[in-house]
Protein chains: 2
Amino acid sequence: MARVAGVSRATVSRVINGIRNVDPDIQATVLQAIATIGYVPNRAARSLVTRRTGAVALVLSGAGGDEDPSPSPILTDPFFGRVVAGIISFLRPRGIHPVLMFADTEQSRAEVVSYLRQGDADGALLVSTHAADPLPVELVEAEVPAVLFARPTGSVPISYVDLDHRAGAALAADRLVELGRRRVASVCGPLDVPAAQARLAGFQDAMARHGHAYVPYSEGGFTYDSGERAMERLLAERPDLDGVFVANDLMAQGALHALRHHGRSVPEDVAVIGFDDSSAATACRPPLTTIRHPVEDMAAEMARLLLDHIDEPGRTPRSVIFEPALIVRASG
Amino acid sequence: MARVAGVSRATVSRVINGIRNVDPDIQATVLQAIATIGYVPNRAARSLVTRRTGAVALVLSGAGGDEDPSPSPILTDPFFGRVVAGIISFLRPRGIHPVLMFADTEQSRAEVVSYLRQGDADGALLVSTHAADPLPVELVEAEVPAVLFARPTGSVPISYVDLDHRAGAALAADRLVELGRRRVASVCGPLDVPAAQARLAGFQDAMARHGHAYVPYSEGGFTYDSGERAMERLLAERPDLDGVFVANDLMAQGALHALRHHGRSVPEDVAVIGFDDSSAATACRPPLTTIRHPVEDMAAEMARLLLDHIDEPGRTPRSVIFEPALIVRASG
DNA sequence: TTGAAAGCGCTAACAC
DNA sequence: GTGTTAGCGCTTTCAA
């Protein structure tokens with residue numbers, strides 16, 4: 001390459017990396033030569049000296065069972081797609097690509113840490129489906145720059161983005177009260193997931209502020225089926241309920257079905273409020289009133305934080321908490 | 001590292017790469033030293049000499065609009081998750097990670113080709129949402145090993161996996177006839193997508209074989225809403241229909257809603273058969289009878305083909321066509 | 001069976 | 001403002 005342009009390799013490097021102090025004429029010559037021979041710099045050689053790969057790992061942790069070879073469940077959840085979309089929207093303009101990794105077993109977790117230390121990627125974006133995921137601690141110990149999608153359990157010095165789930169649930173409570181509903185209940189998510197806990201607690205607290213001391217609830221697993229079944233249990237316990245807060249849209253879709261099956265019309269008999277504002281919310285009939293969870297924005301912010309940590313290794317961990325919003329549609 | 005073990009770097013390299021002709025004692029010493037100091041080889045240095053990265057690109061092409069910064073639509077489609085799951089199931093045991101890339105514009109396509117030539121990845125797995133995607137040709141021209149998810153339009157010397165869509169549609173036709181349905185119709189996918197065309201043509205042909213010369217159809221866009229609307233058009237045109245083949249499960253879900261909305265019970269009044277056997281099929285009420293599309297297996301095969309091409313650059317392109325299967329549930 | 005030595009292609013001091 | 005030089009950390013002939 002340098003030969004073709006008749007200059008030194010150092011100059012070519014300077015041109016490619018846009019370093020100033022290059023004579024415009026020479027620069028043009030080099031650019032011309034690059035175009036002619038279709039030169040592309042070798043990434044490995046560059047990484048070797050810069051110690052940067054220009055890639056970040058997107059780690060899905062706690063996804064899939066221990067022996068499940070296909071981590072399909074989380075992947076087919078629209079939530080995952082939204083996270084990926086958000087990350088990409090931020091990373092792509094910067095020429096950085098996400099490398100997908102799974103860490104669902106002890107072994108795969110070790111592999112992920114090892115890959116990161118090898119320099120497969122400059123840092124990690126971690127999305128855990130389980131609380132008490134040991135990966136954040138392992139990443140911190142390995143001194144790998146990393147950012148989590150939600151606050152880790154325990155005290156781990158690591159950056160994260162999160163949603164104010166309690167505030168979102170309170171929005172739902174306020175809405176139901178505003179609609180004049182007096183016999184409300186909730187289909188909550190799996191209570192070993194902190195976000196599910198926070199949504200339930202936030203809902204209960206807000207209802208308490210409105211004078212409702214007790215709110216019945218039934219636990220689901222964030223899936224369509226579990227939402228349908230949880231709704232049926234609630235209906236059995238409290239046939240006269242007139243409002244329900246469901247901790248995610250997918251379960252709300254199932255709940256909608258259960259309600260219809262039991263002859264309730266929505267929102268006339270029972271108002272339903274979901275959570276996430278995912279694609280399921282608009283695919284429902286009636287479309288779901290729900291709480292917006294700005295997953296894409298959060299994912300983009302997560303990427304931003306990671307790049308900051310990569311650029312400035314010693315940096316103090318930071319947290320960015322997003323605010324939810326009520327999205328009114330037809331269901332409540 | 002070599003110093004710690006008291007041997008040469010060459011020997012360490014041999015041990016790490018499992019090359020025979022290493023004295024067992026020395027090997028043990030080296031392994032010991034590796035464990036003690038927690039040594040991990042540097043990937044960039046290794047790639048520089050081996051000219052392999054141990055990564056493959058997973059390229060989503062034609063995803064998102066030209067100006068859409070967030071390629072969310074395809075990402076939140078469960079189809080994408082299934083592809084990723086299948087790819088990972090094959091690649092992960094081999095220590096290879098997929099790097100996510102989007103190629104939805106002229107510019108991003110050029111970037112993808114450039115990244116691949118730079119050695120960001122050893123090859124590409126291409127999933128196009130549009131027919132006539134120019135990327136396959138560009139990849140072939142750049143001599144980048146690549147495998148497609150579906151047969152490319154035009155004649156391109158490139159490997160691909162595909163489903164026998166026609167056979168799948170025929171399975172649906174046979175089932176409807178077997179159920180004694182005589183006034184059948186179809187909600188097809190966007191007819192600029194080859195798979196959608198093949199499903200419709202396959203259905204029409206099979207119905208013709210059963211003596212039904214004419215099959216009304218209405219076109220949707222593979223989304224819930226479009227399925228619902230297409231079903232309504234069909235119902236308006238042919239209120240007495242008693243069987244419908246919907247070209248994917250998501251649209252079938254919408255169709256189910258339209259049917260219920262118009263007072264038809266499924267499968268009593270109208271039998272409904274979907275396509276894909278996606279998670280939507282079991283989330284429906286009633287659960288969908290559908291055509292199994294082994295996306296995960298196909299994606300895994302795609303990865304296998306790619307590794308073959310990477311190992312043996314000159315290899316002739318190959319195609320692997322998968323067979324669909326009828327999955328009977330409650331809707332038809 | 002092991003070691004010495006030569007790069008892989010690039011960037012970054014450092015001199016000019 | 002540009003070229004020279006020295007590596008980055010590994011694999012891989014080639015000798016020993």
Side-chain angles (χ1 to χ4, degrees), chain A residues 1-34 36-55 95-96 114-122 142-144 310-311 313, chain B residues 1-34 36-55 95-96 114-122 142 310-311 313:
Chain A
M1 173 60 219
R3 276 190 290 266
V4 177
V7 298
S8 75
R9 296 175 2 199
T11 302
V12 173
S13 177
R14 285 191 264 263
V15 170
I16 287 181
N17 294 295
I19 290 174
R20 52 181 178 292
N21 297 343
V22 179
D23 183 294
D25 283 358
I26 301 238
Q27 174 159 342
T29 313
V30 173
L31 255 20
Q32 175 61 46
I34 288 175
T36 321
I37 67 174
Y39 168 82
V40 278
N42 178 300
R43 270 252 308 182
R46 177 180 278 179
S47 305
L48 188 56
V49 42
T50 61
R51 336 227 82 211
R52 282 291 168 72
T53 68
I96 297 178
S114 165
Y115 280 124
L116 257 9
R117 296 213 311 146
Q118 276 179 250
D120 267 57
D122 299 329
E143 293 182 54
V144 173
I310 289 172
D311 284 343
Chain B
M1 173 59 220
R3 276 192 291 267
V4 177
V7 297
S8 75
R9 295 171 9 196
T11 303
V12 173
S13 176
R14 285 190 265 261
V15 171
I16 287 181
N17 293 298
I19 290 173
R20 54 185 178 290
N21 296 344
V22 179
D23 183 293
D25 284 358
I26 300 234
Q27 174 159 343
T29 313
V30 173
L31 254 20
Q32 175 61 48
I34 288 175
T36 322
I37 67 173
Y39 168 82
V40 278
N42 178 301
R43 268 253 306 187
R46 177 179 279 180
S47 309
L48 186 55
V49 39
T50 62
R51 336 226 85 213
R52 283 290 170 73
T53 68
I96 297 177
S114 166
Y115 280 123
L116 257 10
R117 295 214 308 146
Q118 277 179 251
D120 267 56
D122 300 328
I310 290 172
D311 285 343

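Naming: A, B, ... by sequence-line order, numbering from 1 per chain. What you see is a predicted model, and the numbers here were worked out from it, not measured in a lab.
- Between A:Ala55 and A:Asp120, the closest heavy-atom pair is CB-O, 4.0 Å.
- Distance check, rounded to the nearest 0.5 Å: CG of A:Leu31 to CD of A:Gln27 gives 6.0 Å.
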### Task
Scan nucleotides 11-16 of chain C nucleotide by nucleotide, 5' to 3', and note B when protein non-hydrogen atoms come under 4.0 Å of the base, S if they reach only the sugar-phosphate, - if neither.
BBB---
### Task
Begin with the C-alpha distance, continue with both residues' side-chain angles, and end with the deciding distance and a verdict on side-chain contact (heavy atoms from CB on, under 4.5 Å) for B:Arg46 and B:Asn17.
CA-CA 11 Å; B:Arg46 177 179 279 180; B:Asn17 293 298; 3.7 Å; yes
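- The phosphate of D:dG3 has OP1 or OP2 within less than 4.0 Å of a side-chain N or O from A:Thr11.
- For A:Ala142, the side chain to side chain contact (heavy atoms under 4.5 Å, CB included) partners two or more places apart in sequence, or in a different chain, are A:Val113, A:Arg117, A:Val144.
- Checked against side chain to side chain contact (heavy atoms under 4.5 Å, CB included), A:Asp122 has the following partners two or more places apart in sequence or in another chain: A:Arg52, A:Thr53, A:Ile310.
- Taken to the nearest 0.5 Å, the CD1 atom of B:Ile16 stands 11.0 Å off from the OG1 atom of B:Thr11.
- Atom CG of A:Asn42 and atom C1' of C:dG9 are 6 Å apart (whole Å).
- Taking atom CZ of B:Arg52 as the reference point, atom P of C:dC8 lies 18 Å away to the nearest angstrom.
- One finds no side-chain N or O of B:Arg51 lying less than 4.0 angstrom from the OP1 or OP2 phosphate oxygen of D:dT11.
- Rounded to a whole Å, the CD1 atom of B:Ile26 is 11 Å from the C1' atom of C:dG3.
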